[in-house]
Amino acid sequence: MDTKDLLKKVRKIEIKTRRLSDHIFSGEYHTSFKGRGMTFSEVRPYQYGDDIRAIDWNVTARYNEAHVKVFEEERELTMMLMVDISGSESFGSKNQFKKDIVTEIAATMAFSATQNNDKIGLILFSDQIELYIPPKKGRSHVLRIIRELIEFHPQSQKTDIAQALKFLSSTQKKKAIVFMISDFISEDYEHTLKIASKKHDITGIRVYDIREEKMPNLGMVSMLDAETGETQLINTGSKTVRINYEKYYHEKVKYFKETFSKSGAGVVNTRVDESYVTKLLGYFKSR
């Protein structure tokens with residue numbers, strides 16, 4: 001992709017996702033993810049209805065009039081976007097790849113964090129850490145994240161969620177709001193997720209395609225495994241093959257849901273042909 005096409009694509013994603021974050025997500029995001037606590041702002045005269053526990057007795061004695069302490073929420077947070085860029089993210093059957101939806105969701109979340117003056121960092125992972133962008137503020141930083149999401153080419157096509165979570169724990173010493181976006185066709189990350197969830201507020205956003213749920217009967221089909229690069233001839237006309245495929249898929253989905261829930265992490269499931277806006281808003285409101 002040349003520079004002109006890339007900038008055009010970045011701009012298109014910015015216009016769409018910024019509108020969503022400005023009008024929909026920023027308020028819900030602010031409400032759902034509170035700051036670290038309350039910080040002292042000022043002292044003012046007592047007004048009817050004020051909490052008497054907030055009275056500053058030293059100032060009250062000095063002025064012979066009741067005064068209260070005013071606190072403000074200490075808002076600044078760090079958001080980490082952990083994005084799976086393994087081979088399976090390039091799958092799509094409805095004129096849109098999973099990767100496109102993943103990019104839009106990540107961009108929307110990044111702009112929502114920017115609206116609240118929070119820092120945003122990015123971890124792109126496969127079965128290794130492909131790219132790490134430390135948390136920073138500002139629009140230009142978010143645009144850099146979007147550019148990387150669009151044009152970055154991973155060295156590996158495989159997935160290792162545990163490896164990505166270990167990296168998160170080693171680099172983010174302070175609590176962060178973490179959105180891990182993947183299809184979660186992976187296992188053996190229960191232990192690392194449990195450790196990371198004790199420190200961070202983690203949400204797993206599973207993006208999937210309808211064709212991954214159910215294998216259609218198309219007879220003999222040559223299929224490419226995007227993560228191993230191997231091509232196999234599959235008899236999709238066999239009922240046993242279709243049942244085993246669906247069983248394997250649903251086991252992975254069940255593992256994702258149960259593992260995240262047990263660890264106290266949030267879970268969002270969105271299909272590429274569904275509205276991720278509706279899914280994310282529903283999730284924020286349920287928190």
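Quick note: residue numbers are just sequence positions, from 1.
At least one donor-acceptor pair closer than 3.5 Å links the side chain of Lys199 to the backbone N or O of Gln172. Remark: the backbone N or O of Leu77 is paired with a side-chain donor or acceptor of Asp118 at under 3.5 angstrom.
When side chains are defined from C-beta on, Met82 counts as touching Leu168, because their heavy atoms get closer than 4.5 Å. Gln163 has its side chain out of reach of Gln128: every pair of non-hydrogen atoms, C-beta onward, lies at least 4.5 Å apart. Side-chain contact between Ser263 and Lys194: present, with at least one pair of heavy atoms (C-beta onward) separated by less than 4.5 Å. Put simply, the side chain of Val102 does not reach to within 4.5 Å of the side chain of Ile205, judged on heavy atoms. Side-chain contact between Thr159 and Asp127 is absent, with no heavy atoms from C-beta onward closer than 4.5 Å. Val267 places a side-chain heavy atom less than 4.5 Å from the side chain of Phe256. By the 4.5 Å heavy-atom criterion applied to side chains, Ile123 and Leu81 are not counted as neighbours.
Shown here is Lys119, whose NZ atom has no more than 12 heavy atoms of other residues, nucleotides or ligands within 6.0 Å. The environment of Lys279 atom NZ is dense: over 12 non-hydrogen atoms of other residues, nucleotides or ligands sit within 6.0 angstrom. Counting non-hydrogen atoms of other residues, nucleotides and ligands closer than 6.0 Å to CD1 of Ile15 gives a total above 12. Heavy-atom contacts from other residues, nucleotides or ligands closer than 6.0 Å to NE2 of His191 number 12 or fewer.
Contacts of Phe125 classified as ring pair (Phe, Tyr, Trp, His ring centres under 6.0 Å), with partners at least two apart in sequence or in another chain: none. Listed by chain and residue number, Phe167 satisfy the ring pair (Phe, Tyr, Trp, His ring centres under 6.0 Å) test with Tyr132 (two or more places apart in sequence, or in another chain). Scanning for ring pair (Phe, Tyr, Trp, His ring centres under 6.0 Å) contacts around Tyr283 gives an empty result, with sequence neighbours left out. Partners of Ser126 according to the side chain to side chain donor-acceptor pair (under 3.5 Å) rule, which considers only residues two or more places apart in sequence or in another chain, are Glu130. Residues passing the ring pair (Phe, Tyr, Trp, His ring centres under 6.0 Å) test with Tyr46, sequence neighbours excluded: none.
The pair Lys99-Asp84 does not meet the salt-bridge criterion, since no charged nitrogen lies less than 4.0 angstrom from a carboxylate oxygen. A salt bridge is absent between Asp209 and Arg211; no separation between the charged side-chain nitrogens and carboxylate oxygens falls under 4.0 Å.
To the nearest 0.5 angstrom, Ile195 atom CD1 is 9.5 Å from Leu193 atom CG.
The list of side-chain hydrogen bond (donor to acceptor under 3.5 Å, both in side chains) pairs with a residue in residues 240-249, not counting sequence neighbours, reads Arg206-Tyr249.
Residues Tyr208 and Phe184 place their aromatic rings such that the two centres sit no closer than 6.0 Å.
Of the candidates Arg147, Lys8, Arg139, Glu14 forms a salt bridge (charged side-chain N to carboxylate O under 4.0 Å, His left out) with just one, namely Arg139.
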